[in-house]
Number of protein chains: 4
Amino acid sequence: MAQPAATVGPDSKSARTRKRILDAAAYILSRKGYAGTRLTEVADLADLQAPAIYYHFPSRDDLIEEVMWSGIADMRDHVAATLAALPEETSPIERIAIAAEAHLRHELQISDYTTAAIRNAAQVPAKIRTRQLDEEIAYGAIWKKLFEEAAETGSLPDHLDLSSARMLLLGALNWASEWWTPDVRPLDTVVQTAQSMIRRILGDEGVQEI
Amino acid sequence: MAQPAATVGPDSKSARTRKRILDAAAYILSRKGYAGTRLTEVADLADLQAPAIYYHFPSRDDLIEEVMWSGIADMRDHVAATLAALPEETSPIERIAIAAEAHLRHELQISDYTTAAIRNAAQVPAKIRTRQLDEEIAYGAIWKKLFEEAAETGSLPDHLDLSSARMLLLGALNWASEWWTPDVRPLDTVVQTAQSMIRRILGDEGVQEI
Amino acid sequence: MAQPAATVGPDSKSARTRKRILDAAAYILSRKGYAGTRLTEVADLADLQAPAIYYHFPSRDDLIEEVMWSGIADMRDHVAATLAALPEETSPIERIAIAAEAHLRHELQISDYTTAAIRNAAQVPAKIRTRQLDEEIAYGAIWKKLFEEAAETGSLPDHLDLSSARMLLLGALNWASEWWTPDVRPLDTVVQTAQSMIRRILGDEGVQEI
Amino acid sequence: MAQPAATVGPDSKSARTRKRILDAAAYILSRKGYAGTRLTEVADLADLQAPAIYYHFPSRDDLIEEVMWSGIADMRDHVAATLAALPEETSPIERIAIAAEAHLRHELQISDYTTAAIRNAAQVPAKIRTRQLDEEIAYGAIWKKLFEEAAETGSLPDHLDLSSARMLLLGALNWASEWWTPDVRPLDTVVQTAQSMIRRILGDEGVQEI
DNA sequence: AATGAATGAGGATTCATTCAT
DNA sequence: CATGAATGAATCCTCATTCAT
């Protein structure tokens, strides 16, 4: 008899195929770039034929847009959730250090989506870029707020351009996907180094270990 | 100097056309990515027809390889020359700050080549990557040496993983091409912020203004 | 026979299209030569668009290789089958005469493939040539054996270089595709003349009519 | 002062360059076929640049036409001269045997032009073919006459279709360029075999050695 | 929900040819 | 006479997309 709503639920066969396609697209997109992403290659990886993709996405660009968008959206969710879980009294600088860790771990361990989004931001056509840009701004707002809170508590050194510092820091984190591999040094080392650098940069005094 | 206008010299017609093609390719490559770089678009920008490119380069990949290679090679030359010009007594940390400035200025003001090389490093096929990788290693060696010298003079803080710090720093610099535009904040501000951050990170004491 | 219309059998739609492409390629190849064979022309003749060929063959050269190869292979099958059907007691010279007839009829009446293979043997690049050469050697072996059997029965005239004679004879047959057309003289006349010549050349006595 | 006619005579520099181009074209044409003959390759072989060819020939097709035409014309001259030098009393069959030798030697030893003309007769576009066809008919007329003379002296066997026999014989000779190489068997052997075959085919009695 | 078969737009590359020098 | 530089017309091939099944 008529199957319940499960047929279109998040675990329906269709939903799972759709997920497989997105995963495959994120993987290829992060490695080959926007123009280098072939639907046949995505299909191969998702273990189906290219035309089947059209059952789940109206076009190649729609598929890519979804990858690029959720690359940032997932990151935002992850970092926001991490921050929300912190005790009230966590200091602003500590919050930044923890956000940096969340960013790095999500980018490097969890998500081809984020790598895809980061690497292709500049290459994607305007049409796709728009929705992603909104998301980027929203994610940027989190960081902006973190820095502002740090500034308000007077804990930042004078003469440091806040917005430049923020962008440089995010760059250091984003770029990690270009060079980090698990076999050269553990992710923990990178995370700790980044946090140590953050504390030295933003702390108003000489820096000590945690 | 009675030479007859250097038939194949750096100013010959051929050499100038070749340069125009390279410039155009660097421009497109940095914006569209490896797979997205169309010879027709390059040709349009260089003000000739696509097949004319083949008079100057054996193939699309050869053209791109040259752009990617000189993107790093030029950067290396620029930074190496800057460092070579410093007085003997310049401190290791100061040398790093100055190298960072040279890197940023070359990347952001001078060279589409470098942006192209940086952005496409991960997308380019192995064949092209090889020569560029050599150059990258050579450039990386400069930074490695700078950090080692800083470490030797005992001026670095304990418990800082040198190689992670170096890669994070270079990431911050490389990523600047993704967000910096002259109309939001002057390059000088970015350079000073980066240098200030470097001094705070690497200095072995509480940080003071320049 | 309850089989569902043989999805990939020799009569499937795909198999029929593939055959149409091969036929068209053989036709063009035999008339325009290797370098002169355009995929668009083949496609026109096969009544589809050029890129559709790539659904059935990996490349132009693969298509041509298959034509060239089966040009010889079909000939070999045809001649071998004809010889196999002869009564045991057929004399060696008579076998040669009959093989010549089979060769001529296959070349002139049946197969663009064979004409294509014969005419382009010298022009095709090494890669394609290899497989065809194997087949040629196998076909040549049939003729070599026929001549050796004739020699063993002592029926050949003295002082006739067997291998030269064989090659000259095959040349006479192969070349027929360059000049014979059905409207000048019937094929039967050519066949009978060729057979008469063979009997006179190889018979050890004065020559008589059949 | 004004140089005499020698400037444009058969040994002028221009004439020699022209000859080099023709030789190169004949070489390439005989090996790569009409469509496969590239002006750059011809130019390479003739030791000049492709555009220089246009000083000597109005177009690629004109160059090829000249090669194809003189391939046959030279053959005709050579065979005609050989026949003309024979003593009056030479028998018709002997004249045919001698013509065959002249044909084989010219084709295999002397002339890429002839090989080019023979191999490409069927592939060349109509425009080029026309002039060559006239020449072919003229050359064919020599052979036709030879056979008619043999027939008139009553020396041919009955029931042999003269024109078929002639075409088959010429085919055997023409095809030799496809298989003969000096390293497998001496040309003399091929010539003698061909002549022996001719005498057995056309002689009205059992065949004896020369 | 998916595939086999095909198409049309475009992209790199080749090549005869031109032309100023 | 010849070449350096360039062009425009093809040609092979790739790829997103369509559609009947």
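So that the names make sense, note that chain A is the first sequence line, chain B the second, and so on, each numbered from 1. Model, not experiment: these values are computed from the prediction.
- Closest to the D:Pro51 side chain, of the nucleotides F:dA5, F:dC13, E:dA1, is F:dA5.
- Rounded to whole Å, the distance from CG on D:Asp62 to P on E:dA16 is 14 Å.
- As a whole-Å value, the separation of B:Ile53 CD1 from F:dA6 P is 11 Å.
- With F:dT3, E:dA6, F:dA6 as the choices, the nucleotide that has an atom nearest any side-chain atom of C:Thr17 turns out to be E:dA6.
- Salt bridge annotation for A:Arg131-A:Glu136: absent, with no cationic side-chain nitrogen under 4.0 angstrom from a carboxylate oxygen.
- When the side-chain nitrogen and oxygen atoms of B:His56 are compared with OP1 and OP2 of F:dG4, none of them lie within a distance under 4.0 Å.
- A straight line from OH of D:Tyr54 to P of E:dC15 spans 13 Å, rounded to a whole angstrom.
- For D:Ser59, the side-chain atoms get nearest to E:dT17 when compared with the rest of E:dT17, E:dG11, E:dA6.
- Closest contact between the side chain of D:Gln49 and the listed nucleotides F:dG4, F:dT7, E:dA1 involves F:dG4.
- Distance, D:Tyr34 OH to E:dC15 C1': 13 Å, rounded to whole Å.
- Using modelled atom types, one finds no donor on one side chain facing an acceptor on the other under 3.5 Å when comparing B:Asp112 with B:Thr115.
- A donor-acceptor pair under 3.5 Å is formed between the side chain of D:Thr114 and the backbone N or O of D:Gly71.
- In terms of phosphate contacts, C:Ser14 brings a side-chain nitrogen or oxygen within less than 4.0 Å of OP1 or OP2 of E:dA5.
- OP1 or OP2 of F:dA6 has not a single side-chain nitrogen or oxygen of B:Tyr55 nearer than 4.0 Å.
- Salt bridge annotation for D:Lys32-D:Glu41: present, with a cationic side-chain nitrogen under 4.0 angstrom from a carboxylate oxygen.
- When the nucleotides F:dC12, F:dC15, E:dT17 are ranked by their closest atom to the side chain of D:Ala50, E:dT17 comes out on top.
- Shown here for A:Tyr34 and A:Arg60, the closest heavy-atom pair between the two residues is O-NH2, 2.6 Å.
- Considering only side-chain atoms of C:Leu39, the nucleotide from F:dT17, E:dA12, F:dC12 that sits closest is F:dC12.
- Remark: F:dA16 base-pairs with E:dT7; criterion is Watson-Crick or G-U wobble with both hydrogen-bond distances under 3.5 Å.
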